[in-house]
Structure formats: structure tokens, C-alpha cells
Enquirer: 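After the C-alpha cells below, expect a handful of questions from me.
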There are 2 protein chains.
Amino acid sequence: MPEERAGQSERLKNGIHTACLVCPIRLNDHFREFSPGELEFVRSFRKGEFHADAGTTILVEGSHSAHLYTVLTGWGFRYKILEDGRRQILNYVVPGDMIGLQGAVFDEMAHSVEALTPMRLCVFERDRLLSLFEKHPGLGYDLTWIASREESMLDDHLISIGRRTALERAAYLLAFLDDRGRVSGLTGEDKAYLPITQAHVADTLGLSIVHTNKTLKKLVSRGLIRWLDRGCEILDNFGLQEAANWKPDGITRRPFI
Amino acid sequence: MPEERAGQSERLKNGIHTACLVCPIRLNDHFREFSPGELEFVRSFRKGEFHADAGTTILVEGSHSAHLYTVLTGWGFRYKILEDGRRQILNYVVPGDMIGLQGAVFDEMAHSVEALTPMRLCVFERDRLLSLFEKHPGLGYDLTWIASREESMLDDHLISIGRRTALERAAYLLAFLDDRGRVSGLTGEDKAYLPITQAHVADTLGLSIVHTNKTLKKLVSRGLIRWLDRGCEILDNFGLQEAANWKPDGITRRPFI
DNA sequence: CGAATATTTGACCGATGTCAAGGACCGTGG
DNA sequence: CCACGGTCCTTGACATCGGTCAAATATTCG
């Protein structure tokens with residue numbers, strides 16, 4: 001597992017670690033700004049940086065992690081596996097998302113997290129989580145915001161898997177991911193490329209791979225997406241939203257830690 | 001919509017509202033205790049009490065609620081509805097659960113909440129939520145705990161709907177609800193009675209009513225449950241857990257606000 | 001080139017949905 | 001007390017969506 005701590009090589013500049021200075025999330029307009037005090041605290045809360053290759057398992061179900069992470073760059077996903085191997089992808093993670101919070105708040109993780117692309121993660125010490133609430137109530141509030149937002153995404157996934165047809169589900173998922181990619185800065189103005197295989201789509205939607213393939217072809221033939229080697233290109237996000245009968249939340253400014 | 005504010009009739013006793021003194025959640029061993037300062041804050045945060053009849057819609061999707069609630073007694077459920085009427089039940093609420101947090105943190109509710117039985121709810125003002133974080137960081141942490149716990153339940157629901165068979169799903173749901181009933185004090189030592197119809201089960205599991213009925217009969221014939229008029233009696237929780245290949249979390253002491 | 005992983009396709013199967021109808025139970029009004 | 005309508009539960013026949021199996025075809029990576 002390729003791990004790097006960038007902490008030791010960081011230099012100070014105006015009292016702020018260069019790491020936070022060049023933080024890709026802070027530089028993204030979709031995220032809110034820190035007050036100087038908050039930034040200073042987050043800087044001290046931060047323990048270093050973790051680099052994961054594509055395919056790396058970052059957190060494992062059943063483990064007790066000493067760390068919390070905020071995604072800085074790259075795509076990943078959270079999943080669970082049943083004893084006989086059936087896998088369910090619960091959600092995807094993008095820059096600004098926090099992972100490992102469940103492991104910090106309960107005894108152990110109830111799901112695993114894996115990188116879809118190379119990822120950079122900001123590492124925090126879970127022991128100091130309570131002091132975050134004590135010293136910066138606003139950041140504590142933001143954590144609750146982030147957890148509620150995750151909850152609301154899971155609600156959307158649930159109604160999709162439970163009540164939408166295969167075609168609607170697929171359209172929903174791709175529109176949803178495209179939206180997340182844009183908001184988190186993973187995608188620019190261009191057509192989005194989602195770094196997922198059809199197996200990921202299947203395991204997210206609760207479908208078999210074969211049927212997922214046939215369903216995606218329908219979206220292709222409608223001109224909504226293109227399927228590339230190991231990923232999907234979104235041609236018409238709005239068309240996907242219509243096919244799914246779903247709309248993204250219109251949240252413009254998001255907190256992060 | 002039958003509404004009662006019990007606030008005006010509450011009397012003080014040792015500086016604590018009788019309402020908090022007799023709070024059924026505080027009296028339940030499965031929940032943690034407040035420090036005197038916390039109790040005093042919660043008492044002041046509290047705005048009154050809301051009584052809902054069975055079948056009442058407590059919060060509606062798309063609305064902007066001025067309140068937050070903690071469930072004191074009774075069962076309810078959260079759900080979403082698609083335009084054409086398809087309904088998905090997202091989760092059930094029991095005493096100790098907070099509802100309306102999403103509406104407090106975002107602009108509007110993305111789901112509705114309905115009472116399954118008569119419910120008593122403790123009402124809080126959403127405007128003062130930030131001051132909870134400021135004055136009692138521990139309570140802020142607890143809110144994050146609660147939100148994370150909800151997330152973890154939704155994760156379980158997702159893998160059930162996505163990857164378990166109809167029989168496994170049904171067994172999972174009933175074991176899960178029985179567990180929640182016990183932990184929240186809705187059920188005593190006796191056999192649990194779950195106040196749900198088969199339509200609720202169907203809309204939770206993403207199944208049709210007809211198939212749900214046939215699936216539940218299998219659980220009946222295995223001696224795991226009995227189906228009564230408008231509800232379900234759990235005869236063998238452990239048998240259900242085995243049929244579902246699922247285990248409840250072993251959390252013993254839960255926070256609440 | 002060969003192995004491993006992804007994607008694609010066709011044939012067939014089975015779990016689950018839909019339709020339809022009947023029965024049980026409840027609350028209400030006469 | 002009975003009649004009535006409204007839910008809820010139950011059941012059978014049939015339809016279909018999506019799963020399984022199997023095999024072919026890329027594509028990547030050594």
C-alpha cells in the first residue's frame with residue numbers, strides 16, 4: 001500500500017502550511033472559505049497527506065482506523081460485502097468528502113473505501129475530533145452538515161434502487177456522478193469522464209453485470225452517454241436527469257474540513 | 001393536524017422542567033446521561049411538545065420547517081415519493097431519533113415523515129442549532145454521532161435492497177425493526193409487535209405488495225414471525241438474523257438531544 | 001504473445017411484478 | 001343490530017424484467 005506523508009516537507013509561509021495554501025478544495029469556488037482561526041486549527045488538526053493508487057483499499061470494513069480523511073483529489077467509493085461475496089457500492093467519494101467518520105465515531109468501520117483513480121487524501125487524527133467541536137463550533141456544525149448531506153445522497157440512492165427501473169437507475173447514477181464530478185472540481189467545462197467499470201455500475205444499482213451492460217447500451221443509443229474502455233463519458237446530463245426523473249440538489253456553497 | 005404545546009403547563013422542580021424530568025428517553029438505560037449544564041441547555045433549547053396521531057404527516061418533502069424534533073414515544077417512518085406515486089420508505093424512527101435535521105441544515109426537507117402510531121415529539125427551534133454547537137460542543141459531537149448512525153443504517157438498507165433476495169430482505173427488516181424497538185424502549189421483554197402493514201414492508205424493501213405477502217408467509221411458516229391484523233409479531237429475532245445473514249450493531253449507550 | 005480484465009451477445013430461466021378477485025376486519029351511520 | 005365502504009390481507013394465473021450461463025471479442029499489461 002503506497003503511502004506518503006508529505007508533512008515533513010511542508011514549509012510555512014505567512015504562518016500557514018503551504019499544504020493548506022495550495023489545497024485544491026480551498027481553491028474551488030464551490031466550497032466555502034475558512035476564517036483565519038479555523039484555517040489555523042485545521043492546519044494543526046491535519047497530520048499529513050496520504051496518496052493512494054487506483055484500486056487501493058483505503059479503509060476496511062471491521063477495522064478500527066486511527067484516522068479521518070478528507071479527499072483532496074480523485075474518485076473513490078464506499079462499499080460493503082456480504083459473506084458470499086455479493087458487493088454493494090454505497091456511494092462515491094469526491095474531493096471535499098470526509099471518509100472514516102463512522103470509524104471515528106463508532107468502534108469500527110462498517111464499510112470499506114477503495115480508490116477508483118489515484119487519490120490524495122488529507123489525514124486527520126481521530127483523537128482530536130472532539131477538540132474540533134470544542135474550539136471551532138462552526139466546524140462542528142459543518143461536520144454535521146457533511147454527515148446530513150451524505151444521508152441525503154443515500155436517501156436518493158435508496159429510492160433509486162428500491163423504486164426505479166434499471167434504465168432509470170442507470171440514468172440517475174450517471175447524472176448524479178457527473179454532477180458530483182463538476183461540483184467537486186474533478187470535471188471542468190468539458191464532457192465528464194467517469195472512471196468506473198460496468199461492474200461498478202452493477203454493484204451500485206443492484207443489477208447483474210449482464211443486465212447493466214444491456215441497460216447502458218440503451219443510454220448509449222439514446223445519445224446520452226458514450227462508453228469508453230474503462231469508463232463513461234457523459235454527453236447529455238440533462239437528458240439523463242429526464243430519463244431518471246431526478247434533479248440534483250442546487251446547493252452552491254459547501255463546507256468541508 | 002392535532003397539535004398540542006405542552007410547554008405552558010410545565011412546572012419547574014429543582015430548576016428542571018418536569019418535562020425533562022420525566023423524559024422517557026432519559027429514563028431509558030440505553031441512552032447516555034446529560035451533564036447538569038447540558039440538561040439545562042436542552043431544556044432551554046426545547047420549545048414544547050408535539051403530539052401526532054397515527055397516520056399524521058409530521059414533515060413534508062419540499063417544505064422548510066422551522067423546527068427540529070426528537071422522538072419521545074411511538075413509531076414513525078421517513079419516505080420519499082416519485083412523481084408517479086412510487087413510494088420508498090427510507091428508514092423508521094423511534095424514540096431518541098432526531099427528525100428534521102436535514103431541513104434545519106439545508107433549505108428544505110428532501111423527504112417526508114409520517115407517524116405509524118401516536119407519537120410524542122420534543123420540539124426544538126432550528127435557529128438555535130448553531131448555539132448548541134457553541135455552548136455545548138459535546139452535544140454537537142452527539143449530533144454528528146446521530147447523523148453518522150443514521151448513515152450507517154441507510155448503508156445497511158442499501159445492501160439489503162441492492163443485494164439480498166426478497167426473503168433475506170424481509171428477514172433483515174423485521175430483525176432490524178425488532179432491534180430498534182427494543183433499544184429505544186418501545187418493546188419490553190415480551191414479543192415485539194411492529195405496527196406496520198405489508199404495504200410498508202413492500203415500500204421499504206422495494207418489492208410489490210403481492211410478492212411481499214408471499215415472502216412474509218414463508219417467514220410465518222418457518223415460525224419466525226406471526227402476522228396480525230395490522231402488524232407483525234416477532235417470534236424469533238435470532239432466526240430472522242440468520243435468515244438475513246445480518247447482525248445488529250452492538251452499540252450499548254446512545255446519545256440523544 | 002499470453003494472461004487478466006472488461007465488454008458484448010444470445011439463449012434460457014426464474015424471481016418478482018401485474019392483474020384480478022375474493023375474504024377478513026374495522027369503523028361509521030342508520 | 002345491520003349495512004356499507006374502506007383497508008388490509010390472500011391467492012391464482014400470467015407476464016416480464018432482470019438473472020444466469022456460456023462463449024466470443026476487445027483491450028490492457030507484462
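Residue numbers begin at 1 in each chain, while the letters A, B, ... track the order of the sequences. Note that these values count all heavy atoms, side chains included, but never hydrogens, waters or copies made by symmetry.
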Enquirer: Taking the side chain as every heavy atom from C-beta outward, state whether B:V123 and B:E49 have any atom pair closer than 4.5 Å.
Expert: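 Sidechains of B:E49 and B:V123: no contact.
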Enquirer: How would you list, by chain and number, every residue that makes a ring pair (Phe, Tyr, Trp, His ring centres under 6.0 Å) with B:W227, sequence neighbours excluded?
Expert: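 Expected list: none.
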Enquirer: For DNA chain C, which residues of residues 205-214 of chain A approach it to below 4.0 angstrom with any heavy atom?
Expert: A:V210, A:N213, A:K214
Enquirer: Taking only heavy atoms on the protein side, list every residue of residues 222-231 of chain B lying under 4.0 Å from any atom of DNA chain D, sorted numerically.
Expert: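 Correct list: B:W227, B:D229, B:R230.
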Enquirer: Can I get a per-line list of side-chain donor-acceptor pairs under 3.5 Å for residues 211-220 of chain A, giving both atom names and the distance, sequence neighbours left out?
Expert:
unit_1: A:T212; atom_1: OG1; unit_2: A:S208; atom_2: O; d: 2.7
unit_1: A:N213; atom_1: ND2; unit_2: A:Q198; atom_2: OE1; d: 2.8
unit_1: A:T215; atom_1: OG1; unit_2: A:H211; atom_2: O; d: 2.8

Enquirer: My understanding is that only residues two or more places apart in sequence, or in another chain, count here; which of them pass salt bridge (Lys or Arg N to Asp or Glu O under 4.0 Å) with B:D203?
Expert: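 Counting only residues at least two positions away or on another chain, B:D203 forms a salt bridge (Lys or Arg N to Asp or Glu O under 4.0 Å) with A:R163, B:R87.
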Enquirer: Going 5' to 3' along DNA chain C, which are the first and last nucleotides with any atom under 4.0 Å from a heavy atom of chain A?
Expert: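 In short, chain A contacts DNA chain C from C:dA6 to C:dA11.
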Enquirer: Just by modelled atom types, is the A:M98 backbone N or O under 3.5 Å from a matching donor or acceptor in the A:T70 side chain?
Expert: no
Enquirer: Which is more 5' along DNA chain D, the nucleotide nearest B:H200 or the one nearest B:R163? Just name the residue.
Expert: B:H200
Enquirer: With sequence neighbours left out, what residues match A:F31 under ring pair (Phe, Tyr, Trp, His ring centres under 6.0 Å)?
Expert: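 A:F31: ring pair (Phe, Tyr, Trp, His ring centres under 6.0 Å) contacts with A:F256.
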Enquirer: Have a look at the helix from C:dC1-D:dG30 to C:dG30-D:dC1 and give the angle its two end axes make, five pairs each, rounded to 10 degrees.
Expert: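 Roughly 40°, once rounded to the nearest ten degrees.
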Enquirer: Of B:Y92, B:F176, B:W246, B:F77, which meets ring-ring contact (aromatic ring centres under 6.0 Å, His included) against B:H157?
Expert: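 That would be B:F176.
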Enquirer: Please check: side-chain N/O of B:D84 versus main-chain N/O of B:R86, any donor-acceptor pairing under 3.5 Å?
Expert: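 A pair under 3.5 Å: yes.
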Enquirer: Test of understanding: with side chain to side chain donor-acceptor pair (under 3.5 Å), list the residues that count as partners of B:D155, not counting sequence neighbours.
Expert: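 Side chain to side chain donor-acceptor pair (under 3.5 Å) check on B:D155 returns A:R78, A:Q102.
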Enquirer: Which pairs pass salt bridge (Lys or Arg N to Asp or Glu O under 4.0 Å) with one or both residues in residues 222-231 of chain A, sequence neighbours excluded?
Expert: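 Counting only pairs at least two positions apart or across chains, the salt bridge (Lys or Arg N to Asp or Glu O under 4.0 Å) contacts touching residues 222-231 of chain A are A:R226-A:E233.
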Enquirer: Residues two or more places apart in sequence or in another chain: which of them pass side chain to side chain contact (heavy atoms under 4.5 Å, CB included) with B:P24?
Expert: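 Partners of B:P24 under the side chain to side chain contact (heavy atoms under 4.5 Å, CB included) test: B:L72, B:T73, B:R120.
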Enquirer: Check whether any side-chain N or O of A:E150 sits under 3.5 Å from a backbone N or O of A:A147 as a donor-acceptor pair, and report yes or no.
Expert: no
Enquirer: Regarding B:D249 and B:R254, does a basic nitrogen lie under 4.0 Å from an acidic carboxylate oxygen?
Expert: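 Salt bridge present between B:D249 and B:R254.
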Enquirer: Just the endpoints, please: which first and last nucleotides of DNA chain D, 5' to 3', lie under 4.0 Å from a heavy atom of chain A?
Expert: D:dG18 to D:dT28
Enquirer: Are the charged groups of A:R149 and B:E151 less than 4.0 angstrom apart, N to O?
Expert: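 No.
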Enquirer: For the backbone of A:V183 and the side chain of A:H30, can you confirm whether one donor and one acceptor N or O come within less than 3.5 Å of each other?
Expert: yes
